[in-house]
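The basis for the numbers below is simple: all heavy atoms, side chains too, and nothing from hydrogens, waters or symmetry mates. Residue numbers count from 1 along this sequence.
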Amino acid sequence: MTLEGRHEEALRELIWFHEHALEEEPSLYGVRNSYGLFYWMDLAQVYPPARAALEAQRDRHASTLLDGGGGRQAFGDLAAINERLDCAAHTYGVFCELLARDPDTAQACGSRAMEAIIAAGDFALAGRFLPDPERVVCRASTLLNWDVANRRVRPFTIAPRIKAGIYNYADEVKQVLTVLEGCGRHEEARRIAQLATDLIPATTIRRAVRAALLPGARPWYERSALSLRTIGRKEKLRHRRQLAKAARAA
């Protein structure tokens with residue numbers, strides 16, 4: 001609909017999906033707050049009312065949360081929307097207000113708020129909600145190592161799963177290191193950085209992790225490079241491949 005210029009119709013569908021998708025299928029939570037919001041922002045680039053509608057959704061989640069409802073899901077929705085809107089300061093402000101009103105719910109939302117807290121430069125608060133750094137790195141490295149070890153036994157996919165795993169691992173480690181450095185725990189930060197690479201036995205993967213942990217390292221992908229026109233071409237190509245595969249099977 002967005003590609004065809006049916007902007008108002010596209011917005012209605014996006015709003016419905018955000019508000020009702022989980023009623024139909026709870027497992028869509030991740031898709032709803034990733035692809036759903038990415039495409040919503042694509043629409044907002046060509047249709048300003050879409051941005052206003054997304055801000056209204058965010059404010060609704062904030063109101064629900066501060067009124068004592070929604071819990072972690074409401075905060076996760078708010079944080080995901082603010083990430084797309086580049087409004088980390090709003091997430092930080094809501095979290096601080098939630099902390100004053102409902103410390104227990106804030107404690108449950110602390111890890112999701114961490115990125116916004118860091119962006120605000122409030123390392124004293126970030127330090128309060130930082131889990132044990134060594135445990136975080138050990139758990140994350142176990143997931144990455146498992147993904148690498150089992151990549152050949154999973155069904156084939158063209159998705160760059162290992163690259164994504166390396167990036168996500170490095171991103172999680174860098175968040176820990178940023179908080180440690182911000183709290184003045186420099187020696188511990190150096191130890192955790194070394195541990196993060198030592199826990200990866202595969203030489204190539206370890207080298208990639210070390211590079212991703214360097215200051216200023218860029219993400220392995222640039223989402224903004226995917227224009228609506230490019231996405232449309234890729235969808236058409238995928239559809240043609242599916243048709244060709246079905247024809248061969250027949």
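- Between L125 and C96, the closest side-chain pair of non-hydrogen atoms falls below 4.5 Å.
- A heavy-atom distance below 4.5 Å is not found between the side chains of L199 and L144.
- With contacts defined as side-chain heavy-atom distances shorter than 4.5 Å, the pair L54/M41 qualifies.
- Within the 4.5 Å cutoff, the side chain of Q45 has heavy atoms near those of the D42 side chain.
- Inter-residue side-chain proximity for E13 and R6 is flagged as unmet; no heavy-atom pair is nearer than 4.5 Å.
- Minimum interatomic distance between R206 and I200 (heavy atoms only, all atoms of both residues): NH1-O, 2.8 Å.
- No donor-acceptor distance shorter than 3.5 angstrom exists from the side chain of Y47 to the backbone of T2, with no hydrogens or angles considered.
- For residues 100-111, every residue pair satisfying the salt bridge (charged side-chain N to carboxylate O under 4.0 Å, His left out) rule, not counting sequence neighbours, is listed here: E97-R101.
- When the options E187, E188, E181 are evaluated for a side-chain hydrogen bond (donor to acceptor under 3.5 Å, both in side chains) with R185, the one that passes is E188.
- Linking ILVMFWY side-chain heavy atoms closer than 4.5 Å, directly or via other members, places M1 and W16 in two distinct hydrophobic clusters.
- Note: R190 CZ to L177 CG = 11.5 Å, rounded to the nearest 0.5 Å.
- Residues Y39 and L14 share a closest heavy-atom pair of O-CD1, 4.4 Å.
- Shown here for H61 and A74, the closest heavy-atom pair between the two residues is CB-O, 3.8 Å.
- Between G76 and N33, the shortest heavy-atom contact is O-ND2, 4.0 Å.
- Of the inter-residue distances, the one linking I192 atom CD1 with T197 atom OG1 reads 11.0 Å to the nearest 0.5 angstrom.
- When all heavy atoms of A62 and V94 are compared, the pair lying nearest together is CB-CG2, 4.3 Å.
- Between Y35 and F38, the ring planes lie perpendicular to each other; the angle is over 60°, past the 30° to 60° tilted range.
- No side-chain heavy atom of W146 sits under 4.5 Å from any side-chain heavy atom of T142.
- F75 is linked by a ring pair (Phe, Tyr, Trp, His ring centres under 6.0 Å) to F95, counting only residues two or more places apart in sequence or in another chain.
- Within 6.0 Å of CD in E9 there are more than 12 heavy atoms belonging to other residues, nucleotides or ligands.
- Within the structure, side-chain hydrogen bond (donor to acceptor under 3.5 Å, both in side chains) contacts touching residues 125-135 (residues at least two apart or in different chains) are E134-R191.
- Not counting sequence neighbours, R210 has no partner by the side-chain hydrogen bond (donor to acceptor under 3.5 Å, both in side chains) test.
- Closest approach of P133 to V176, counting heavy atoms only: CB-CG1, 3.7 Å.
- The CG atom of D77 sits 7.5 Å away from the CG atom of L22 when rounded to the nearest 0.5 Å.
- Residues passing the salt bridge (Lys or Arg N to Asp or Glu O under 4.0 Å) test with E115: none are found, sequence neighbours excluded.
- Put simply, OG on S141 and CG on D198 are 10.5 Å apart, with the number rounded to the nearest 0.5 Å.
- Within the 3.5 Å criterion, the main-chain N or O of K174 finds a donor-acceptor partner in the side chain of T178.
- Atom CG of N145 is separated from atom SG of C138 by 10.5 Å, given to the nearest 0.5 angstrom.
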I'd like a table of donor-acceptor pairs (distance under 3.5 Å, sequence neighbours excluded) in which one partner is a side-chain atom from residues 79-90, with atom names and distances.
from: N82; atom 1: OD1; to: R58; atom 2: NH1; distance (Å): 3.1
from: N82; atom 1: ND2; to: H90; atom 2: ND1; distance (Å): 3.0
from: N82; atom 1: ND2; to: T91; atom 2: OG1; distance (Å): 2.9
from: E83; atom 1: OE1; to: R112; atom 2: NH2; distance (Å): 3.4
from: E83; atom 1: OE2; to: R112; atom 2: NH1; distance (Å): 2.8
from: E83; atom 1: OE2; to: R112; atom 2: NH2; distance (Å): 3.3

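- Rounding to the nearest 0.5 Å places CD1 of I117 at 9.5 Å from OG of S111.
- F129 has its side chain out of reach of V179: every pair of non-hydrogen atoms, C-beta onward, lies at least 4.5 Å apart.
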